[in-house]
Amino acid sequence: MEKINNKQLVEDLLAWYDANARILPWREEATPYRVWVSEIMLQQTRVEAVKPYFERFIHALPDISALAHASEDTLRKLWEGLGYYHRVSNMKKAAIQCMERFNGQLPSTYDELLSLSGIGAYSAGAIASIAFHQPVPAVDGNVLRVFSRVWVIEDDILKESTKKKFQKLLMEVIPKERPDAFNQAVMEIGAMVCVPNAAPKCHICPLAPHCKGYQTGVTHKLPVKAGKKKRTIEKKYIDVVVYEDKILLQQREKDGLLAGLYEFNTFDYPQEEELFLSTLDIEKIVPLKDSKHIFTHKEWHMSGKLVFIRKKIKGNLVSMQDLEEHYAIPSAYKAYKEGLIEWMKHM
DNA sequence: GAGACGTGGGC
DNA sequence: TGCCCAAGTCT
């Protein structure tokens, strides 16, 4: 990799980006706060999924101070359906850290950004380069894919050591004049042209003249990713308890899966469910369809029912309107929430 | 380093 | 249906 080749590669890449960059909400006005919010939302999440959440979030919480003072329930509701809920919890922590340590502003250097909750190597590089024009790499899945093909690097891209290796290599390539455009351009190429599996659009790729993988016909074999483990299956028994026009909700544990979100009463074993039901004065039970929800590392196989009760019980009984407006419920419960709504219509 | 941590879309 | 994935981070 001689410098002279890199220079031409960078030039071709930036020219392509200038002509082909998508118009995205967070690109139009790249303030540090907007860039930060967008980068966190975009972690492991598609652009199309992020768009509506981004606008709503920025409108509800326009700056770091607003975020630092927002309640956890408000934040979970703004994040409802986006997944990886620890992201928004960490953003609030980071906002408070900014108030305490950085005068209420986002810091501008890679190391300072890296010190904040929820900001790792990628996000620190992305924010430092895009919002503050610092010449640091932002190595995400796109960058790993694109350059493992361009340079034919066969290291497992899931390994931390591989990411470090690419970070170091890219330090030598990233242009001091336009680090923001460079990092976004590589990601854009990865998302639009140098796409995963056997479908890269090399015939329209500005990097093709510089791409060793393309020239040697090994693009489809890159990047190398180690195999994943099998998901475990968990059975869940769901009781949607209804008293008059209110629904019983439980809040999940503060840590772990779907931390702090709300759910209908959920049990791991039928015996537990039976015990719970035996404490209620039941008017009638309406079975709902079985449902399956797939997480990254596990599956929930759920069976559920509506349980109408005659006698009020202690617990979090909320109206349908309150549920919709204030309580964040995981997508895993979608089928049962819909079953509930269908029944409430008939009442 | 390995595993936890969501969701919805594409083929 | 099932598997891969999408702008990762934390423990």
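Every chain is numbered from 1 and lettered A, B, ... according to where its sequence line falls, protein lines coming before strand lines.
As rounded to whole Å, 11 Å separates atom C1' of B:dT7 from atom CD1 of A:Ile294. One atom, CZ of A:Arg145, and another, P of C:dC4, lie 15 Å apart when rounded to the nearest Å. Taking atom CD of A:Gln44 as the reference point, atom C1' of C:dC5 lies 9 Å away to the nearest angstrom. Counting to the nearest Å, the P atom of B:dG8 and the CD atom of A:Glu48 are 15 Å from each other. Taking atom NE2 of residue A:His293 and atom C1' of nucleotide C:dG2, one finds them 16 Å apart after rounding to whole Å. For the pair A:Glu299 CD and C:dT1 P, the computed distance is 12 Å after rounding to whole Å. Residue A:Tyr333 contributes atom OH, which lies 10 Å from atom P of B:dT7 at whole-angstrom precision. A:Arg87 places its CZ atom 16 Å from the P atom of C:dT11, with the value rounded to the nearest Å.
Within 4.0 Å (heavy atoms only), A:Val50 reaches no atom of the nucleic acid at all. Note on A:Trp79: nothing from the nucleic acid sits closer than 4.0 angstrom, heavy atoms only. In this structure, A:Lys225 reaches the sugar-phosphate backbone alone: every heavy-atom distance under 4.0 Å involves primed, P, OP1 or OP2 atoms, never a base. Within the 4.0 angstrom heavy-atom criterion, no nucleotide atom of any strand lies near A:Ile40. Among the atoms of the strands shown, none is found under 4.0 Å from any heavy atom of A:Gly190. Heavy atoms of A:Thr296 sit under 4.0 angstrom from at least one base atom. Within the nucleic acid shown, A:Leu24 comes within 4.0 Å of at least one base atom, counting heavy atoms only. Among the heavy atoms of the strands lying under 4.0 Å from A:Glu160 are primed sugar atoms or P, OP1, OP2 only; no base atom is included. Looking at heavy-atom distances under 4.0 Å, A:Arg252 makes no contact with the nucleic acid at all. If you check every strand for non-hydrogen atoms under 4.0 Å, A:Arg76 touches nothing. Within the nucleic acid shown, A:Ala259 has no heavy atom closer than 4.0 Å to any nucleic acid atom.
In the interface, the side chain of A:Arg46 is paired with the base of C:dC5 through a donor and an acceptor atom under 3.5 Å apart. Between the side chain of A:Thr45 and the base of B:dG8 there is no donor-acceptor pair of N/O atoms closer than 3.5 Å.
OP1 and OP2 of B:dT7 both lie 4.0 Å or more from every side-chain N or O belonging to A:Lys334. Taking only side-chain nitrogens and oxygens, A:Lys230 never comes nearer than 4.0 Å to OP1 or OP2 of C:dC3. Listed pair A:His86 / C:dC10 fails the phosphate criterion, with no side-chain N or O lying under 4.0 Å from OP1 or OP2. For B:dA4, the OP1/OP2 oxygens have no side-chain nitrogen or oxygen of A:Tyr84 closer than 4.0 Å. In this model, the phosphate group of C:dT9 is approached by a side-chain N or O of A:Ser123 to a distance below 4.0 Å at OP1 or OP2. In this structure, A:Lys229 reaches the B:dG3 phosphate: one of its side-chain N or O atoms is under 4.0 Å from OP1 or OP2. In this model, the phosphate group of B:dC5 is approached by a side-chain N or O of A:His297 to a distance below 4.0 Å at OP1 or OP2.
Annotation: cation-pi geometry satisfied between A:Lys284 and A:Phe308 (NZ/CZ under 6.0 angstrom from ring centroid, within 45° of ring axis).
With both ends at atom C1', the span from B:dG1 to C:dC10 equals 13 Å, rounded to whole Å. Comparing the P positions of C:dC4 and B:dG3 gives an interatomic distance of 16 Å, to the nearest angstrom. Comparing B:dG6 with C:dT11, their P atoms sit 14 Å apart, to the nearest whole Å.
Checked against A:Glu263 for a side-chain hydrogen bond (donor to acceptor under 3.5 Å, both in side chains), the options A:Gln250, A:Lys337, A:Arg252, A:Lys236 give a single hit: A:Arg252.
Panel note: side chain A:Arg149, backbone A:Cys211; no donor-acceptor pair is recorded below 3.5 Å.
Considering only the side chain of A:Ala332, B:dT7 comes nearest among B:dC5, B:dT7, B:dG1. Here B:dG1 is the nucleotide among C:dA6, B:dG1, B:dT7 with the atom lying nearest to any side-chain atom of A:Ser161. The side chain of A:Lys292 sits closest to C:dG2 out of B:dC5, B:dT7, C:dG2.
Residues A:Ile119 and A:Glu39 each lie close to DNA chain C; by heavy-atom proximity, the contact nearer the 5' end of the strand is made by A:Glu39. Residues A:Asn90 and A:Leu42 each lie close to DNA chain C; by heavy-atom proximity, the contact nearer the 5' end of the strand is made by A:Leu42.
Taking NZ from A:Lys163 and NZ from A:Lys159, the interatomic distance works out to 11.5 Å, rounded to the nearest 0.5 Å. Taken from CG in A:Leu288 to CZ in A:Phe264, the straight-line distance is 9.5 Å, to the nearest 0.5 Å. Residue A:Leu67 holds its CG atom at 6.0 Å from CG of A:Leu75, rounded to the nearest 0.5 Å. Here the CG atom belonging to A:Leu258 is positioned 10.0 Å from the OG1 atom belonging to A:Thr266, to the nearest 0.5 angstrom.
Residues A:Tyr327 and A:Tyr262 place their aromatic rings such that the two centres sit under 6.0 Å apart.
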